[in-house]
Amino acid sequence: MLGLLTVLLLLLILGFAQFFDQLANFSQILLLPLVISAVVTGAIGYGVVPFLRRLKAGQVIQEDGPQTHLTKAGTPTMGGIFFVPVVVSIALIGSKLAPMAIAVSLVTLAYMVIGWVDDWQILRQQSNKGLTPRMKLILQIAIASAFCLWMALTQPSNITNVVLPFGLILPLGVLFWGLAGFVLVAESNATNLTDGVDGLAGGTAALAFLGLGILVARETPELGIFCACMGGGCLGFVLHNRNPATVFMGDTGSLALGGSLAAVGIISGNLWALFVVSGIFFIESLSVIAQVSYYKATKGPDGIGKRLLKMAPLHHHLELSGWAETQIVGVFYLVNAGLTILAIISFFVTSKKG
């Protein structure tokens with residue numbers, strides 16, 4: 001799976017570099033930062049993972065989850081703590097501390113801190129109960145609100161216009177800020193839900209970051225560098241998280257990745273592209289919503305309802321249906337690569353018409 005992910009990332013960069021006739025530019029903005037971040041995070045992981053194991057920062061496995069996951073109990077978690085700050089640092093250096101890069105970096109680190117507190121509470125109590133859902137949501141909304149306030153004060157007024165396919169523009173005005181806040185919270189939670197199979201969240205996030213990076217590289221190279229670094233960091237993390245995983249990213253990593261993706265999509269004016277490249281995260285979230293809704297709707301006098309899926313999110317349903325973890329991850333990688341290509345081509349067609 002690591003090889004497949006590496007090939008997909010390189011093909012996307014080189015393929016679209018030729019497509020946009022930007023080989024030299026893309027090599028500097030996307031390829032070099034991706035490679036540097038992947039190598040650095042991968043190398044650091046060889047020192048941090050044993051350290052987390054000595055700290056006994058082992059994952060607490062849900063008893064009602066797939067039985068095959070019980071063997072993963074004790075695998076170090078909170079892996080996001082070693083690759084997210086490193087990647088953000090590389091991105092800030094590469095972007096020469098550009099304001100936009102600083103802003104999305106702060107959002108990324110803030111969501112990472114929320115995830116770290118949640119993971120730490122789970123480890124301390126040795127249960128699956130970390131931060132309460134209410135407290136986690138309040139903190140996520142607070143960060144989203146601060147980011148939206150910063151954009152309102154510093155970005156041009158047309159940032160509230162949402163560009164859709166075929167040259168359509170949706171002028172939302174003040175309503176945009178509610179949408180932006182929702183996207184930040186929803187994206188971070190959706191990425192968190194996807195983190196349930198070895199290599200899944202890291203690999204799909206890498207592809208999503210690179211898709212956004214290709215879209216923004218020409219007009220806002222600092223965000224292109226940031227996305228490439230995040231994608232490379234995810235690749236370096238998957239080196240240790242591929243099946244069988246020696247470390248999990250935990251909420252520390254997954255919340256940070258989702259918040260980071262959303263921040264880049266919003267500030268670059270690529271909300272539609274963000275939705276497309278995040279298709280896997282959306283489907284995973286939708287499967288949970290559908291499962292809960294169906295269960296409640298079919299609840300009988302005994303208080304027990306029916307299940308639409310064998311287990312949610314979707315990747316667990318596929319596991320219980322007989323799919324191997326590597327099979328799920330491989331298919332999801334290919335689907336997300338396809339969605340990334342679709343988002344970029346859609347943007348290209350729209351910009352041509354514009």
Side-chain angles (χ1 to χ4, degrees), residues 37 40-42 44-62 72-91 104-133 135-140 142-144 184-185 187-206 208-209 229-242 245-263 281:
S37 295
V40 172
T41 54
I44 289 176
Y46 283 109
V48 175
V49 172
F51 176 70
L52 290 173
R53 191 176 294 114
R54 288 195 298 271
L55 285 180
K56 300 187 185 302
Q59 178 71 47
V60 178
I61 304 296
Q62 296 185 40
K72 300 181 180 184
T75 301
T77 187
M78 293 196 300
I81 201 69
F82 82 80
F83 81 91
V84 174
V86 169
V87 168
V88 166
S89 300
I90 296 172
V104 295
S105 294
L106 289 175
V107 172
T108 303
L109 294 174
Y111 275 98
M112 183 197 74
V113 171
I114 297 175
W116 178 81
V117 173
D118 191 41
D119 285 336
W120 179 252
Q121 290 292 329
I122 289 173
L123 291 173
R124 189 173 65 84
Q125 300 173 26
Q126 284 299 295
S127 71
N128 281 297
K129 296 180 180 179
L131 287 173
T132 64
M135 179 55 67
K136 188 185 294 187
L137 184 61
I138 289 173
L139 293 172
Q140 289 173 307
I143 294 167
L184 276 159
V185 175
E187 185 81 17
S188 61
N189 285 316
T191 310
N192 180 237
L193 287 172
T194 307
D195 184 30
V197 175
D198 295 349
L200 182 58
T204 49
F209 272 115
C229 288
M230 292 299 295
C234 289
L235 178 60
F237 178 75
V238 171
L239 172 65
H240 306 282
N241 185 238
R242 72 191 190 279
T246 58
V247 66
F248 302 136
M249 70 169 65
D251 286 10
T252 308
S254 59
L255 291 182
L257 295 181
S260 184
L261 275 169
F281 307 139

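Residues that satisfy the side chain to side chain donor-acceptor pair (under 3.5 Å) test with Ser188, not counting sequence neighbours, are Gln140.
A donor-acceptor contact shorter than 3.5 Å is absent between the side chain of Asn241 and the backbone of Phe237. The backbone N or O of Gly42 lies less than 3.5 Å from a partner atom in the side chain of His240, making a donor-acceptor pair.
When all heavy atoms are compared, the tightest approach of Met230 to Ser260 is CE-OG, 3.9 Å. When all heavy atoms of Thr108 and Ala256 are compared, the pair lying nearest together is O-CB, 3.5 Å. In this structure, Pro76 and Leu52 approach most closely via the heavy-atom pair CB-CB, 3.8 Å. Between Arg53 and Thr246, the closest heavy-atom pair is NH2-O, 3.9 Å. Among all heavy-atom pairs drawn from Ala110 and Ile143, the shortest one is CB-CD1, 3.4 Å. Summarising the geometry of Thr252 relative to Trp116, their closest heavy-atom pair is OG1-CA, 3.2 Å, with the distance given to 0.1 Å.
To the nearest 0.5 angstrom, Thr204 atom OG1 is 9.0 Å from Leu261 atom CG. Here CZ of Phe209 is found 11.5 Å from OG of Ser37. Values are rounded to the nearest 0.5 Å. Here the straight-line distance linking atom CZ of Phe281 with atom CG of Asp195 works out to 10.0 Å at 0.5 Å rounding. Atom CG of Leu106 is separated from atom CE of Met112 by 11.5 Å, given to the nearest 0.5 angstrom. Leu137 CG to Thr132 OG1: the interatomic distance, rounded to the nearest 0.5 Å, is 9.5 Å.
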Show me the side-chain donor-acceptor pairs of residues 79-91 shorter than 3.5 Å, one per line, residues at least two apart or across chains.
unit_1: Ser89; atom_1: OG; unit_2: Pro85; atom_2: O; d: 2.8

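At least one side-chain heavy atom of Leu257 sits under 4.5 Å from a side-chain heavy atom of Cys234. Proximity of Tyr46 to Leu239: side-chain heavy atoms (C-beta onward) are separated by under 4.5 Å at one or more points. Looking only at side-chain heavy atoms (C-beta outward), Leu123 and Met78 come within less than 4.5 Å of each other. Between Leu131 and Val117, some side-chain heavy-atom pair lies under the 4.5 Å cut-off.
For residues 249-259, the set of pairs meeting the salt bridge (charged side-chain N to carboxylate O under 4.0 Å, His left out) definition, not counting sequence neighbours, comprises Lys136-Asp251.
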